Each structure stands twice: as structure tokens, then as C-alpha cells.
Amino acid sequence: MRWPLAGASLASSVALIAALSACTTGLAGPYQYYNGTGLHDAKAAEAVGTWECVEGTRLTLRPDGTAAFRQLDGQDFDFDDAWRVTGTGTWELADHSGGQTISLTMTTRTAVGTRSATPAPTESPEVPSAYTWRFYVDRDAHNKLVLFFFYSDPDAGNTYAMQRAHG
């Protein structure tokens with residue numbers, strides 16, 4: 001009788017298939033292993049100023065650590081709820097082993113809205129009254145700072161990139 005050996009072989013095969021399929025079913029993706037940009041030389045003074053993104057999004061980082069933002073979307077899966085907030089808050093540049101980030105914490109929400117290019121959610125999303133975004137800090141081809149976060153399913157690697165406002 002060879003059933004015990006055949007059973008062990010079958011169990012090993014099932015375990016191997018399960019492990020391999022975990023890498024392709026969305027359980028492990030680029031964001032899950034994203035440690036940052038590797039940038040460690042940005043100064044807070046470089047981040048100060050006004051930044052822009054799609055559909056009128058604006059973010060102003062002030063030298064005193066306060067911030068104002070208009071029509072800022074949620075990050076990661078919160079983006080899928082299509083809410084946008086306007087308000088004020090505080091910001092801080094931090095250096096981690098994988099690179100630098102800017103944490104923006106909303107302290108006052110002054111307006112809410114939804115993205116115009118997004119189909120309306122089936123339910124009215126609850127717009128947070130407190131929220132913290134984590135922007136990764138990187139440099140573009142001209143050595144200028146770029147701020148970004150991942151939106152929607154973070155494993156898809158979609159980035160919401162803020163560019164320095166002109167004029």
C-alpha cells in the first residue's frame with residue numbers, strides 16, 4: 001500500500017500551488033513590498049509651497065508646519081469612495097529607512113465634494129472629519145521634488161502625483 005506516500009505528495013503539491021497562487025491573486029503586490037523612494041536628502045524648505053494635481057486639487061505647505069488643501073482625494077482604497085476634502089492641517093517631513101515621506105494630517109474640514117469623473121458610489125460615502133495622508137517624496141528628472149501617494153488598490157501601483165504649482 002502506498003497511500004500514505006501518495007497523500008503526502010498530494011498535500012505537498014497542494015501547498016505549493018497555494019503558495020504560488022497567493023502571488024498572483026492580489027494578496028501580494030508592488031505596494032505591499034514598497035519601502036519608499038530611497039530619497040534621504042530632501043529638506044522641509046524644499047517642500048514648502050503650493051502643489052497641484054488633477055481636477056483643481058491644491059496643497060499648500062507652509063514653513064511653520066501648517067497646511068491648507070483644496071479638493072484633496074483619499075489615498076489607497078479611500079480613493080474609490082470618490083470623496084474630496086478641503087481644509088487645513090499640519091504637515092511633517094520624516095525620514096525612514098526606505099526614504100522620506102510627508103505626513104499631512106487634516107485638523108479642520110471646511111468643505112466636501114466628489115470627483116466629477118468618477119461614477120457615483122452606490123452608497124453615500126462617509127467623508128472623514130479627521131484624516132492623515134502619507135506622501136512619498138521623490139525627485140523628477142530635473143532634481144525637483146515630487147510628492148505622491150498610491151490610490152485605489154495600492155497593489156496596482158497607481159500614483160497620485162502632486163506637481164509644484166506654477167505662478
Side-chain angles (χ1 to χ4, degrees), residues 19-109 112-118 125 127-167:
L20 291 174
S21 66
C23 293
T24 61
T25 60
L27 296 176
Y31 177 74
Q32 184 173 1
Y33 303 107
Y34 190 76
N35 291 324
T37 63
L39 185 72
H40 295 282
D41 67 351
K43 306 291 184 233
E46 287 181 277
V48 168
T50 301
W51 300 82
E52 297 176 321
C53 195
V54 297
E55 294 185 22
T57 299
R58 287 181 70 86
L59 167 63
T60 300
L61 303 176
R62 298 184 188 108
D64 65 357
T66 61
F69 48 89
R70 182 179 72 206
Q71 298 180 17
L72 187 58
D73 294 288
Q75 69 182 77
D76 297 335
F77 285 109
D78 291 334
F79 182 86
D80 296 339
D81 289 335
W83 54 258
R84 309 184 90 199
V85 294
T86 297
T88 59
T90 59
W91 70 278
E92 177 181 40
L93 176 68
D95 198 350
H96 309 279
S97 61
Q100 292 173 293
T101 61
I102 289 180
S103 292
L104 171 66
T105 301
M106 176 170 53
T107 55
T108 304
R109 183 182 74 190
V112 297
T114 57
R115 278 190 312 284
S116 60
T118 304
V127 181
S129 58
Y131 197 82
T132 299
W133 292 263
R134 183 175 69 174
F135 290 89
Y136 292 98
V137 180
D138 204 0
R139 293 197 183 276
D140 65 13
H142 304 288
N143 208 32
K144 303 292 184 190
L145 286 189
V146 176
L147 310 179
F148 70 93
F149 60 75
F150 292 100
Y151 70 88
S152 199
D153 182 349
D155 290 337
N158 298 317
T159 56
Y160 191 95
M162 303 292 290
Q163 301 294 324
R164 182 74 66 176
H166 298 289

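Everything numeric here is computed off the predicted structure, so don't read it as measured data.
- Under a cutoff of 6.0 Å and an axis angle of 45°, Arg115 and Phe79 form a cation-pi pair.
- To the nearest 0.5 Å, atoms CZ (Phe77) and CG (Asp155) are separated by 6.5 Å.
- Judged by distance alone, the side chain of Glu46 and the main-chain N or O of Leu145 form no donor-acceptor pair under 3.5 Å.
- Of the inter-residue distances, the one linking Leu39 atom CG with Arg139 atom CZ reads 5.5 Å to the nearest 0.5 angstrom.
- Only one option out of Leu72, Leu147, Asp76 pairs with Tyr160 in a side chain to side chain contact (heavy atoms under 4.5 Å, CB included); it is Leu72.
- For the atom pair CD (Glu92) and CG (Leu104), the distance works out to 11.5 Å, reported to the nearest 0.5 Å.
- For the pair Thr66/Thr88, no side-chain contact is recorded, criterion being any heavy-atom separation below 4.5 Å from C-beta on.
- Residues forming a ring pair (Phe, Tyr, Trp, His ring centres under 6.0 Å) with Trp51 (at least two apart in sequence, or on another chain): none.
- Summarising the geometry of Cys53 relative to Ala161, their closest heavy-atom pair is SG-O, 3.3 Å, with the distance given to 0.1 Å.
- Panel note: side chain Thr105, backbone Thr132; no donor-acceptor pair is recorded below 3.5 Å.
- Looking at heavy atoms from C-beta onward, Arg70 lies out of side-chain contact with Thr57 at the 4.5 angstrom threshold.
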*Going through the checks in order, is the side-chain hydrogen bond (donor to acceptor under 3.5 Å, both in side chains) test met by Tyr151 and Asp73?*
CA-CA 9 Å; Tyr151 70 88; Asp73 294 288; over 6 Å; no
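- For Trp91 and Phe135, the gap between ring centers reaches or exceeds 6.0 Å.
- For the pair Leu59/Thr50, no side-chain contact is recorded, criterion being any heavy-atom separation below 4.5 Å from C-beta on.
- Of all heavy-atom pairs spanning His96 and Ala94, the tightest one is NE2-CB, 3.7 Å.
- With rounding to the nearest 0.5 Å, the separation of CE in Met162 from CD in Glu52 is 8.0 Å.
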**OP:** Check the pair Tyr136, Thr159 against side-chain hydrogen bond (donor to acceptor under 3.5 Å, both in side chains), reporting the backbone distance first and the verdict last.
**Re:** CA-CA 10 Å; Tyr136 292 98; Thr159 56; over 6 Å; no
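- The shortest heavy-atom contact between Ala47 and Arg164 is O-NH1, 3.9 Å.
- Across Met106 and Trp133, no two heavy atoms sit closer than the pair CB-CZ3, 3.9 Å.
- Atom CG of Asp95 sits about 8.5 Å away from atom OG1 of Thr101, to the nearest 0.5 Å.
- No donor-acceptor pair closer than 3.5 Å links the side chain of Asp81 to the backbone N or O of Trp83.
- Atom OG1 of Thr114 and atom CD of Gln71 lie 10.0 Å apart (nearest 0.5 Å).
- When atom types are taken as modelled, the side chain of Arg109 and the backbone of Pro128 share a donor-acceptor pair closer than 3.5 angstrom.
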